[in-house]
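A short worksheet on the structure shown next.
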Amino acid sequence: MLKPAEAKSDTAFKPRMMGFLIGNLIRLLTKTLRVRITDDSGLLSDPPLHGLIWMFWHNQMLIVPSLYTRYTRKFRQAAVLTSASRDGAVLAAVMRQFGLESVRGSSSRRGAQAMIECRRLLRRNYYIGITPDGPRGPLYDMQPGVVQLARLCAVPIVPITVEYAKFWRLKSWDQFFIPKPFSVVRVRFLPFVHVPDDESPEAARERLSALLKPEIP
């Protein structure tokens, strides 16, 4: 029987190992994909010097870490918001494979702490990746946190849409997309979105949600 310290170490080891394996599988898969990028934001050609929020749906996120590594890692540090659960620990370990830090927290657990940490990193000009319908959904239902953070820190949001030409779809709450090897992936960085102080949170949430409306429901 494991002693408490040993059990804690073992629990920490498993997410790291799973993250290492999953991260390398994703890296191998993405090397086969034919990625087509439309950069309406100018992010890749003229990266901003200030902090920025990357926003994309939870089920489209597989390709996003590779985009960061390939196009923006050289000039900007970044972190992703992951849940404080065991699944979140695995996801954080996956993100480390791509040079991404993690902020642990969600609306149901460590939400306030996560907001404070994101605010600190944005003030240091980090990019913060957020899936506004994560970590548990409902699917394509944007939670208010991303709007609150953008307004609080006075930083823009870049909405990102991902369309996989050929894919598998998991039977999870988010119906997660896994692109098939050697298929085409179309990524679009939409123009930066600012959340002014005089816009209601609900109006901003609806405006952002409409921009991310998926081609494949």
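Residue numbers start at 1 and run along the sequence shown. Fair warning: this is a prediction, and the values are worked out from it, not measured in the lab.
With hydrogens and angles disregarded, no donor-acceptor distance shorter than 3.5 Å links the side chain of Trp173 to the backbone of Gly134. Checked by atom type and distance alone, the side chain of Trp57 pairs as donor or acceptor with a backbone atom of Leu212 at under 3.5 Å. In this structure, Arg76 contributes its side chain and Leu49 its backbone to a donor-acceptor pair below 3.5 Å. For the pair Glu117 (side chain) and Val103 (backbone), a donor-acceptor distance under 3.5 Å is absent. Between the Asn59 side chain and the Asp174 main chain, a donor and an acceptor come within less than 3.5 Å of each other.
Defined by atom type and a distance below 3.5 Å, a donor-acceptor pair is missing between the side-chain atoms of Asp87 and Ser85.
Linking Ile, Leu, Val, Met, Phe, Trp and Tyr residues whenever their side-chain heavy atoms come within less than 4.5 Å leaves Ile116 and Val80 in two separate clusters.
Using a 4.5 Å cut-off on side-chain heavy atoms (C-beta onward), Leu62 and Tyr164 make contact. Put simply, the side chain of Arg205 reaches to within 4.5 Å of the side chain of Asp141, judged on heavy atoms. Arg96 is listed as a side-chain neighbour of Arg16, based on a closest heavy-atom distance under 4.5 Å. Taking the side chain as every heavy atom from C-beta outward, Pro214 and Phe177 never approach each other to under 4.5 Å. Residues Cys153 and Leu149 meet the side-chain proximity criterion, which asks for heavy atoms closer than 4.5 Å. Residues Arg73 and Thr69 form a side-chain contact, since some pair of their non-hydrogen atoms from C-beta on lies under 4.5 Å apart.
In this structure, Phe176 and His58 have perpendicular ring planes: the angle between them is above 60°, well past the 30° mark.
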Side-chain donor/acceptor pairs under 3.5 Å, residues 183-198, sequence neighbours excluded:
residue	atom	partner	partner atom	Å
Ser183	OG	Lys180	O	2.5
Arg188	NE	Asp40	OD2	2.5
Arg188	NH2	Asp40	OD2	2.8

Review item, side-chain donor-acceptor pairs of residues 17-26, under 3.5 Å, at least two apart:
residue	atom	partner	partner atom	Å
Asn24	OD1	Arg27	NH1	3.2
Asn24	ND2	Phe20	O	2.7

